[in-house]
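Written below as structure tokens is the structure these notes are about.
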Amino acid sequence: MSGAASLGLRTGSCGSLPAAGAGAGAAVPVGRKARGWGLRAGAGAGGGDKERLQLLHRALRLVGRRGAGLLLLLAVASAALFCSLFAVVKDDNTSSIIIASNYEVTNAIQNSVYPSTTRPLMMSNDHNKFEHPNRLHLSPGNFTNHPCEGFAVPPILFDKKRTGPRPCPVCYVSVDQAFALMPLQASPSPVLENLDYALEDSVTANFSNPGSAFGGHLSLEQRNKSFDITNSMTVHCGFVRGKKPGQGTGFDISDDDLLEMEQCRELVVASAIFGNYDMIQHPRNVSELSKANACFYMFVDEETMAYVKNSSSLYKDNKVGLWRLVVVRNLPYEDPRRTGKIPKLLLHRLFPNVRFSVWIDAKLQLVVDPYLLLERFLWRKNSSFAISRHYRRFDVYEEAEANKAAGKYDNASIDEQIDFYRNEGLTHYSPAKLPITSDVPEGCVIIREHVPISNLFTCLWFNEVDRFTARDQISFSTVRDKIRAKVGWMPQMFLDCERRNFVVQAYHRELLEQMIASGRNTPPIAVEPSRKIRPGSSRRAPPSKKPVVRRKKEKKSSSRRRAAKPVTWAMDAG
């Protein structure tokens with residue numbers, strides 16, 4: 001194979017990968033022909049080599065042995081520094097991988113060999129197999145090694161002045177390769193094959209039970225039974241009333257929007273803003289393939305929609321940039337944070353025909369093509385659910401105390417939830433839980449495939465959010481551990497620094513308005529460095545320096561200035 005479909009590798013410096021075997025397709029050149037140093041045009045091959053050796057010999061005599069060694073050491077150090085600070089992009093006729101760091105993804109990911117036309121998703125006779133017309137497919141049999149095999153996160157360099165979380169490099173394939181690597185069959189769903197959802201009316205609901213009418217007021221017995229996983233199950237998963245999700249269920253959506261949502265077949269990228277809290281963040285580096293095949297939906301309430309219409313110059317026909325805005329009415333909760341958990345955890349109910357989904361909190365801006373995320377965090381890992389772990393906390397008890405200290409929720413409600421989980425057997429996190437790497441997720445991004453077992457996980461996770469507090473980080477590990485004990489399935493948790501590679505956090509709207517009212521400088525708009533600023537986007541500005549507090553008598557300034565110390569680059573290990 002050749003062209004974009006080939007996954008052969010080439011050797012080279014600065015993080016190159018080993019060359020693929022003969023089965024990988026066309027042979028890959030080990031090196032490139034060196035540029036000639038000859039001074040005479042038309043010299044023969046032998047004469048040219050002789051002149052190059054003579055020229056090299058003269059150069060070495062001029063600088064001396066010590067000078068030559070210093071020059072070589074300087075060249076190696078410069079190459080190592082360049083590799084660690086910048087993204088390395090390799091793309092030729094036989095190899096195309098992207099190593100992106102510090103949020104920047106090059107324009108190479110936007111160039112695709114496929115036409116920008118929508119390809120309908122078709123089911124074959126096998127209900128677990130999908131067909132994509134006119135799309136090239138690759139499988140592990142097409143190459144000996146994955147293009148990113150052997151890639152490792154560089155060693156961490158610490159900076160005393162910048163101790164917060166940082167992004168780290170992530171190795172992506174090209175967009176056309178990601179499309180070609182999409183699995184034809186759905187991921188396995190252990191034990192559970194058929195999942196249905198409970199419907200109730202006001203007569204059968206028991207309002208004395210915790211939770212909400214939207215969630216069905218589950219009894220403790222119903223909750224516990226939902227963790228007994230069998231081949232076919234019916235569980236509570238929100239939307240317990242009405243004809244279908246979005247029609248008379250609470251969280252109501254217009255018929256036109258529901259019809260459009262049903263047409264989304266392959267991938268949905270979704271977010272939500274309720275209570276006009278956040279600013280709309282526009283995805284960047286999205287390829288034409290993704291624009292044609294993926295759906296981008298932003299769920300908003302009427303207050304947020306009115307603000308967008310009056311403030312955004314990009315608004316047109318219920319769209320702002322790539323986002324299609326869907327107005328939600330008859331909200332089931334007064335708390336916007338709890339309302340936001342509905343699209344976050346129940347996308348499989350709102351988009352019944354979608355295979356994959358990427359959820360992104362509205363405070364974040366996506367800066368990597370969504371199909372690259374599917375390939376990197378799902379398909380490459382043979383996983384159906386991926387979420388990043390918290391960058392600092394791994395223990396649920398510590399997370400609960402941090403939430404109380406920060407005033408994230410009513411302290412008594414948090415204590416009640418933790419006491420309930422403790423009585424069920426919740427323990428502190430320790431290395432004894434490996435291969436579980438953390439009990440606390442950074443839940444602002446969820447990448448998943450819609451299969452019965454992952455749908456069950458988010459249904460039961462939502463039921464905990466409906467029953468207890470809206471802090472979903474506290475209930476995550478309880479649901480995961482109960483399902484894992486039954487069928488051995490659990491979500492994949494990746495490093496938080498990897499998450500920070502493909503999303504950028506922005507200010508929310510109220511903070512921006514406070515900054516403007518107080519006369520503080522607002523953060524610059526999030527754009528690529530070499531491009532003009534676009535309205536409607538924002539990027540978090542670096543924190544302003546605090547004024548120096550004079551504790552002692554200040555010494556007189558000297559006319560001599562000290563040389564600035566070099567700053568070491570730091571990254572978060574997750």
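Bear in mind the structure is a predicted one, so any value in this text is a computation, not a measurement.
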* Are any side-chain N or O atoms of D317 and backbone N or O atoms of K319, one a donor and one an acceptor, separated by less than 3.5 Å? -> no
* Structure fact -> Value for CD (E266) from CZ (F351), rounded to nearest 0.5 Å, stands at 14.5 Å
* Asked: Considering the options E449, H450, R448, which one meets the side chain to side chain donor-acceptor pair (under 3.5 Å) requirement together with N455?
  -> R448
* Quick one: do the T304 and D301 side chains pair a donor with an acceptor below 3.5 Å? -> yes
* To do: Fit a plane to each ring of Y371 and F179, take the angle between them on a 0 to 90° scale, and name the class: parallel (under 30°), tilted (30 to 60°) or perpendicular (over 60°).
  => tilted
* **E424 and R223 ion-paired at < 4.0 Å** => yes
* Test log, rule salt bridge (Lys or Arg N to Asp or Glu O under 4.0 Å), inputs D335 and R337 -> CA-CA 5 Å; D335 183 5; R337 296 171 298 176; 3.3 Å; yes
* Asked: Any sub-3.5 Å donor-acceptor pair from K433's side-chain atoms to D439's backbone N or O?
  -> no
* Asked: Do I483 and I453 come close enough that some side-chain heavy atom pair is under 4.5 Å?
  -> yes
* Asked: Short question: side chain of N501, backbone of C168 - any donor-acceptor pair under 3.5 Å?
  -> yes
* To do: Measure the acute angle between the ring planes of F251 and F299, then classify it against the limits of 30° and 60° as parallel, tilted or perpendicular.
  => tilted
* Asked: Hey, mind stepping through I474 and Y421 against side chain to side chain contact (heavy atoms under 4.5 Å, CB included) and telling me if it holds?
  -> CA-CA 10 Å; I474 296 177; Y421 290 158; 4.2 Å; yes
* To do: Quick one: pull up CE in M261 and OG in S254 and give me the separation to the nearest 0.5 Å.
  => 9.0 Å
* To do: Check whether the side chains of H146 and E375 place a donor and an acceptor atom closer than 3.5 Å, and report yes or no.
  => yes
* Asked: Do R393 and E399 meet the salt-bridge criterion of a basic N to acidic O distance under 4.0 Å?
  -> yes
* To do: May I ask you to say whether R499 pairs ionically with D496, meaning some side-chain N is under 4.0 Å from a carboxylate O?
  => yes
* Asked: Hey, is the main chain of V465 close enough, under 3.5 Å, to the side chain of D472 for a donor-acceptor pair?
  -> no
* Would you mind reporting whether I360 and Q281 have side-chain heavy atoms less than 4.5 Å apart? => no
* Kindly indicate whether the side chain of F457, heavy atoms from C-beta on, has any atom under 4.5 Å from the side chain of R484. => no
* Does the ring center of F502 lie less than 6.0 Å from the ring center of Y172? -> no
* Note: E401-K404 ion pair, threshold 4.0 Å (strictly below) -> yes
* To do: Please say which of D395, I436, L426, T427 ends up in a side chain to side chain contact (heavy atoms under 4.5 Å, CB included) with S477.
  => L426
* To do: Would you confirm whether D369, through its side chain, and S287, through its main-chain N or O, come within 3.5 Å as a donor-acceptor pair?
  => yes
* Heavy atoms from other residues, nucleotides or ligands near NZ of K244 exceed 12 (cutoff 6.0 Å) -> yes
* Asked: Is it the case that R349 places NZ or CZ above or below the six-membered ring of F239, under 6.0 angstrom from the centre and within 45 degrees of the axis?
  -> no
* To do: Tell me, with the steps shown, if V487 and L192 meet side chain to side chain contact (heavy atoms under 4.5 Å, CB included).
  => CA-CA 9 Å; V487 299; L192 179 62; over 6 Å; no
* Among F385, F377, Y391, the one residue meeting ring-ring contact (aromatic ring centres under 6.0 Å, His included) with F494 -> F377
* State whether K341 and D466 are salt-bridged, where the test is any N-O pair (Lys NZ or Arg NE/NH1/NH2 against Asp/Glu carboxylate O) under 4.0 Å. => no
* Asked: Backbone N or O of P441 within a donor-acceptor pair of the Q473 side chain at under 3.5 Å?
  -> no
* Asked: Are the side chain of T249 and the backbone N or O of P245 linked by a donor-acceptor pair below 3.5 Å?
  -> no
* Asked: Mind checking whether L366 and L373 have side chains closer than 4.5 Å, heavy atoms only?
  -> yes
* Asked: Looking at CG of N318 and CD of E260, how far apart are the two atoms once the value is rounded to the nearest 0.5 Å?
  -> 10.0 Å
* **Sequence-distant partners of W323, side chain to side chain donor-acceptor pair (under 3.5 Å), two or more places apart** => none
* Does F394 offer a backbone N or O that forms a donor-acceptor pair with the side chain of R389 under 3.5 Å? -> no
